[in-house]
Amino acid sequence: MIWHKQWIFGNWKMNGNLADNAVLLQQLAKINHDHALVGIATPFPYLSQAVDLLKNSQIIVGSQDCSSFAEKGAYTGEVSATMIKNCGAKFVLIGHSERRTYFNEQNQILRKKIDNALACDLIPILCVGETLEQRQARQETAVVGKQLTVLQGLSVNHIAVAYEPVWAIGTGEVATATQIEHMHAFIHREILSILGENVTIRTLYGGSVNANNAADILSIDKVNGALVGGASLKADAFSAIIANAQTE
Ligand code: 13P
């Protein structure tokens with residue numbers, strides 16, 4: 001039952017090429033990860049390659065974004081949730097901080113993306129997190145709370161959210177255990193109040209997770225997994241993180 005395991009998901013971001021991907025995917029396919037749900041979010045052009053090379057494994061494939069447009073049609077450059085599903089993907093990251101920063105994605109657009117993902121049975125993983133300035137101004141719960149309001153009115157039994165403090169992404173600076181525990185508890189409470197007490201929640205931590213810190217991070221209360229950037233591009237590092245997933 002995937003909603004009761006820890007999730008170890010890789011986000012390749014804009015990295016990879018067919019030849020290197022093939023090597024990495026073949027290595028990943030050999031990892032034993034019965035205790036955890038493992039997923040990788042590839043760039044759009046590599047979805048089918050990843051689905052194909054992982055078809056004999058339990059690893060699921062997803063995309064890093066989807067269009068806010070629901071229907072097919074004249075939206076040059078867009079990739080719909082339906083197309084992503086059609087390639088064999090199972091999940092989609094929504095609202096990653098890099099999308100919020102470089103493409104100014106905000107709740108109104110993000111809600112459409114979540115709706116589109118759910119409509120074709122893709123699992124949306126909503127990414128939230130505060131910037132360094134916001135944390136220094138002690139606004140982290142206000143900022144993340146506002147980002148979570150995008151979930152209001154959704155009719156779901158399960159929801160996955162990744163808490164990725166922007167200042168910890170790609171910097172080597174990990175949030176402290178206290179900071180992570182506090183924010184994950186906050187996110188759980190907010191989700192229960194928005195979606196109701198019966199919703200099943202996965203909250204993943206993201207931001208400079210690596211083979212050395214994964215065990216500590218994954219044992220923090222209400223950390224239900226990790227969303228891994230840089231370290232997911234190396235089979236050894238990603239496999240070591242997966243090995244540290246806890247059985248819940
Ligand atoms: P890093 O693990 O490279 O810090 O990236 C985290 C991230 O943004 C995953 O979505």
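For ligands, and for the atoms within them, numbers begin at 1 and follow the listed sequence.
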Donor-acceptor check, side chain of Arg111 to backbone of Gln152, threshold 3.5 angstrom: yes or no? yes

Trp167 and Glu130: side chain donor to acceptor below 3.5 Å: yes

Counting heavy atoms only, which of Gln64, Glu98, Lys13 is nearest atom 8 (O) of ligand 1? Lys13

Within-4.5 Å side-chain heavy-atom neighbours: Phe91 and Leu37: no

Mark yes when over 12 heavy atoms from residues, nucleotides or ligands other than Gln58 sit less than 6.0 Å from its CD; otherwise mark no. no

Return yes or no for this condition: an N or O of [X] is under 3.5 Å from an N or O of ligand 1.
X      : value
Gly229 : yes
Glu164 : yes
Gly230 : yes
Gly170 : yes

From CA spacing to verdict: side chain to side chain donor-acceptor pair (under 3.5 Å), His96, Glu164: CA-CA 8 Å; His96 190 281; Glu164 302 201 294; 3.1 Å; yes

So, 4.0 Å and heavy atoms of Ala231: is ligand 1 close enough to count as a contact? no

Please work out which of the three classes, parallel, tilted or perpendicular, describes the rings of His184 and Tyr205, given edges at 30° and 60°. tilted

Note: Asn11, heavy atoms under 4.0 Å from ligand 1, region reported as side chain

